[in-house]
Amino acid sequence: MLQLQHIRAQKEAFIAALKKRNIDAEPLLNQVLDLDEKRRATQTELDSTLAESNKLSKEIGMLYKSGKAAEANELKAKTAELKESSKKLGEDLNTLATELQEVLYQIPNIPNALVPAGSSEEDNEEVFREGEIPKLIEDALPHWELAKKYDLIDFELGVKVAGAGFPVYKGKGARLQRALISYFLDKNTEAGYTEIQVPHLVNEASGFGTGQLPDKEGQMYHVTGDNLYLIPTAEVPVTNIFRDDIVKVDDFPIKLTGYTPCFRREAGSYGAHVRGLNRLHQFDKVEIVRVEHPKHSYEALDQMVEHVKNLLRDLKLPYRILRLCGGDLGFTSALTYDFEVFSTAQDRWLEISSVSNFETFQANRLKLRFKDENGKTQLAHTLNGSALALPRVLAGILENYQTENGIKIPEVLVPYCGFDIIS
RNA sequence: GGAGAAAUGGCAGAGUGGUCGAAUGCGGCAGUCUUGAAAACUGUUGAGGGUCACACCUCCGGGGGUUCGAAUCCCUCUUUCUCCGCCA
């Protein structure tokens, strides 16, 4: 959520910046300013009404104390009118504040200056590429065929138990998955991230805090009986740890990592691109989350990008990094780098990580603040990234590491797997 | 799931209808003293709105109510604790 003071101060700049997202924010921003002005006017009026009735109440109290009941009763009669108008003003204020909130919720974050213009993923800017795309064997298979051939993943069984998009991992497939989770958590911990385990269901307040709610597209699974949501990413529970917090400036940098399953309804996705592990309703992901001083958040973003690079280097997977264009940038993000691994047998790139700086956008919703060097309270910056999303890494490994004799295991994973080939 | 108790500032803990945004202690910060530190002493120390700055307003778990006036009384929800039941 954008900060009101900022909208007041730099409306024009915001309109210009939001053009990169291909939206005309002017009507919304005008609406915000209009509602804000009305809200403040109502607030002022209410405040002075309350001030007056507070004053009267005190006088009445003193009159009673000194035994002047008649005078007190006289004053009491005067309070009725004040009471009525403050009640009405309070209701107006509520309505205005709610409306204002609703409009603010509709406005996405201001893209960073580095964000390229563009309308779709076609316009994302490749900023880095590394790793060799392997020459595959003659009868190379896509990962879903490999999964079947070596009995690693059973998609049909998942359909039986839950539905499409809920695979069952078996034997060495399950073990490889577990190895990846352990490996990522170990590497993240080495890099200074503290491992935590968080709930996989969150309440409404958490959903609003990180920006998944209001959920217009219905992307989250909603447990209506208890009004809880299945997390679409660990970002939600991990970042919400800091909701309503004021941290100390010495607490920075705050670096956390956690493994969770992620649940996404993926309404509207279907077709060949969602085959196999490409897009699932439930998948595993190891996430890194940071809370930073605004001065250092872009430094932190670079460090996170560097860290994810190292993970992929270690796995020896060919990958590229994209800087997302305005049209592809997430609602809450100011700057996002996507990592894509090359899925050789499918001959396409698969997104396996998304590393973002949200600046104060989430912090403002979360009321996540810190006391700065001068003792002033200000909003912190939040960041997060996948390190990494499992299924597509698995797809990349299966496809890129296939040989005539089976699927080799990346060297760094062998100690975690306990085997070096799937055959 | 049943019965009871509770929820106050960073923490502990007073406060049961008026001048209480809230005693006191601890912690934090600044200062005095000290070669330095500790101790002691003095001062300071919640958040949000509003203002050029004040004034002023709101907040004692959330929401609603009674009253001229609510941290204090009533209703409701949530959470925590104790006991019982069930249970990985």
Side-chain angles (χ1 to χ4, degrees), chain A residues 1-9 32-101 103-105 197-209 213 223-229 237 240-252 254 261 291 360 362-380:
Chain A
M1 188 163 66
L2 297 179
Q3 292 174 261
L4 258 175
Q5 314 90 282
H6 291 175
I7 297 178
R8 276 185 222 146
V32 166
L33 292 178
D34 180 51
L35 284 166
D36 177 46
E37 205 168 301
K38 282 186 188 149
R39 200 212 85 230
R40 276 188 294 163
T42 310
Q43 174 86 257
T44 307
E45 211 180 324
L46 174 65
D47 283 0
S48 54
T49 310
L50 287 173
E52 202 173 327
S53 79
N54 284 346
K55 213 174 101 204
L56 279 179
S57 290
K58 276 180 190 166
E59 279 173 35
I60 291 169
M62 290 200 277
L63 286 172
Y64 272 124
K65 225 168 211 177
S66 51
K68 298 175 182 163
E71 281 177 53
N73 287 332
E74 220 168 282
L75 280 186
K76 261 197 208 178
K78 283 169 71 179
T79 60
E81 203 180 315
L82 285 173
K83 228 181 143 179
E84 200 175 310
S85 56
S86 64
K87 191 180 169 192
K88 190 186 169 298
L89 286 167
E91 281 163 7
D92 290 352
L93 185 65
N94 260 336
T95 312
L96 287 166
T98 309
E99 280 176 38
L100 179 58
Q101 186 87 312
V103 181
L104 278 172
Y105 273 142
Q197 292 191 10
V198 289
H200 299 165
L201 281 84
V202 292
N203 57 28
E204 215 165 28
S206 293
F208 275 99
L213 291 174
V223 182
T224 52
D226 297 283
N227 200 24
L228 294 169
Y229 294 84
N240 271 281
I241 288 173
F242 302 99
R243 177 153 42 85
D244 287 321
D245 252 12
I246 301 178
V247 300
K248 297 194 197 80
V249 71
D250 312 335
D251 293 339
F252 295 136
I254 295 171
V291 181
T360 59
Q362 289 184 327
N364 191 31
R365 289 181 166 209
L366 292 161
K367 293 198 170 47
L368 163 49
R369 294 151 295 170
F370 70 102
K371 280 241 194 274
D372 67 17
E373 300 76 3
N374 306 314
K376 259 192 72 182
T377 308
Q378 56 167 306
L379 292 172

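The sequence lines fix the lettering, A, B, ..., with proteins before strands; numbering per chain opens at 1. Basis for what follows: all heavy atoms, side chains included, without hydrogens, waters or symmetry-related copies.
When the side-chain hydrogen bond (donor to acceptor under 3.5 Å, both in side chains) test is applied to A:Gln101, no partner is found at least two apart in sequence or on another chain. Qualifying side chain to side chain contact (heavy atoms under 4.5 Å, CB included) partners for A:Ser206, counting only residues two or more places apart in sequence or in other chains: A:Val202, A:Asn203, A:Val236, A:Asn240, A:Arg243. Take A:Asp92 and apply the salt bridge (charged side-chain N to carboxylate O under 4.0 Å, His left out) test, not counting sequence neighbours, and it matches A:Lys88. Looking at residues two or more places apart in sequence or on another chain, you find no side chain to side chain contact (heavy atoms under 4.5 Å, CB included) involving A:Ala41. Residues passing the side chain to side chain contact (heavy atoms under 4.5 Å, CB included) test with A:Gln197, sequence neighbours excluded: none. Applying the side-chain hydrogen bond (donor to acceptor under 3.5 Å, both in side chains) rule to A:Asp245 yields no partners; only residues at least two apart in sequence or on another chain are considered. For A:Lys371, the side chain to side chain contact (heavy atoms under 4.5 Å, CB included) partners are A:Ile246, A:Thr377, not counting sequence neighbours.
Contact check on A:Asp36 versus A:Arg39 returns a salt bridge, with a Lys/Arg side-chain nitrogen under 4.0 Å from an Asp/Glu carboxylate oxygen.
For A:Gln3, the CD atom sits in a packed shell: over 12 heavy atoms of surrounding residues, nucleotides or ligands are nearer than 6.0 Å.
Under the side chain to side chain donor-acceptor pair (under 3.5 Å) criterion, no residue pair touches residues 52-61 of chain A, with sequence neighbours excluded.
The gap from the P atom of B:C33 to that of B:U42 amounts to 16 Å, rounded to the nearest Å. With P as the reference atom, B:C86 and B:A6 are 28 Å apart, rounded to whole Å. Nucleotides B:G13 and B:U82 place their P atoms 15 Å apart, quoted to the nearest Å. When the P atom is used for both B:U19 and B:C29, the distance is 34 Å, rounded to whole Å. Look at the C1' atom in both B:G61 and B:C81: the space between them is 15 Å, to the nearest Å. Straight-line distance between the C1' atoms of B:C26 and B:A14: roughly 15 Å, to the nearest whole Å. Separating the C1' atom of B:G50 from that of B:C59 is a span of 15 Å, rounded to the nearest Å. Only the P atoms considered, B:C60 is 15 Å distant from B:G65, to the nearest whole Å.
Between A:Met62 and A:Asn94, it is A:Met62 whose nearest contact on RNA chain B lies nearer the 5' terminus. Nearer to the 5' terminus of RNA chain B, by closest-nucleotide assignment, is the contact made by A:Thr377 (compared with the other of A:Thr377 and A:Leu56).
As judged by a 4.0 angstrom heavy-atom cut-off over every strand, A:Ser57 is placed among the base-contacting residues.
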A:Asp372 vs A:Gln378, side-chain hydrogen bond (donor to acceptor under 3.5 Å, both in side chains): CA-CA, chis, key distance, verdict: CA-CA 7 Å; A:Asp372 67 17; A:Gln378 56 167 306; 3.0 Å; yes

For a quick test of your reading: what N or O donor-acceptor pairs under 3.5 Å do the side chains of residues 75-82 of chain A make, sequence neighbours left out?
from, atom 1, to, atom 2, distance (Å)
A:Lys76, NZ, A:Tyr64, OH, 3.1
A:Thr79, OG1, A:Lys76, O, 2.5

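A 3.5 Å limit on both hydrogen-bonding distances identifies B:G46 as the Watson-Crick or G-U partner of B:C59.
Less than 4.0 Å separates RNA chain B from at least one heavy atom of each of the following residues of residues 83-91 of chain A: A:Lys83. Within residues 47-55 of chain A, the residues having any heavy atom under 4.0 Å from RNA chain B are, by residue number, A:Asp47, A:Leu50, A:Ala51, A:Asn54.
When RNA chain B is scanned 5' to 3' for any atom under 4.0 Å from a heavy atom of chain A, the first and last hits are B:G18 to B:G69.
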